[in-house]
Amino acid sequence: MPADPAYQAEIIKAHDAALAAGSAGYLDPRTGLFVLSAGFLAARGTCCGRGGRHCPYVK
């Protein structure tokens, strides 16, 4: 997660909207890159080891 609190708020808002919509992820509000949601990653059942922003399998 970026250090900028305003950016964090944008990310959380986008992530929450993706979860509410049942989407696999969302477009990062600043970079435009597709980010997988925690819900999608949890449903996969295992960690892919890529260090995703919302990975539910944090060590």
>> Who clusters with L27? Use side-chain heavy atoms, under 4.5 angstrom, across I, L, V, M, F, W and Y, and order the result by chain and number.
In response: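 Hydrophobic cluster check, L27: joined to F34, L36, F40, L41.
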
> In the hydrophobic cluster built from side-chain contacts under 4.5 Å, what are the other members alongside I11?
Replying inline: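 Direct or chained contacts put I11 with M1, Y7, I12, Y26, V35.
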
> Shortest non-hydrogen contact from A18 to G25?
Replying inline: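 What the structure gives for the nearest pair is CB-O, 3.5 Å.
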
>> Restricting to non-hydrogen atoms, name the atom on S23 and the atom on S37 that form the minimum distance, rounded to 0.1 Å.
In response: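 Scanning both residues, the minimum pair turns out to be O-OG, 3.6 Å.
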
>> Please check: side-chain N/O of Y57 versus main-chain N/O of C48, any donor-acceptor pairing under 3.5 Å?
In response: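 Side chain of Y57 to backbone of C48: no pair is present.
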
Could you tell me which residues satisfy side chain to side chain donor-acceptor pair (under 3.5 Å) with [X], sequence neighbours excluded, listed by chain and number?
X: D4; value: R30
X: T46; value: none
X: H15; value: none

>> Considering only residues two or more places apart or on different chains, which pairs with a residue in residues 40-58 satisfy salt bridge (charged side-chain N to carboxylate O under 4.0 Å, His left out)?
In response: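 Salt bridge (charged side-chain N to carboxylate O under 4.0 Å, His left out) check on residues 40-58 returns D28-R53.
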
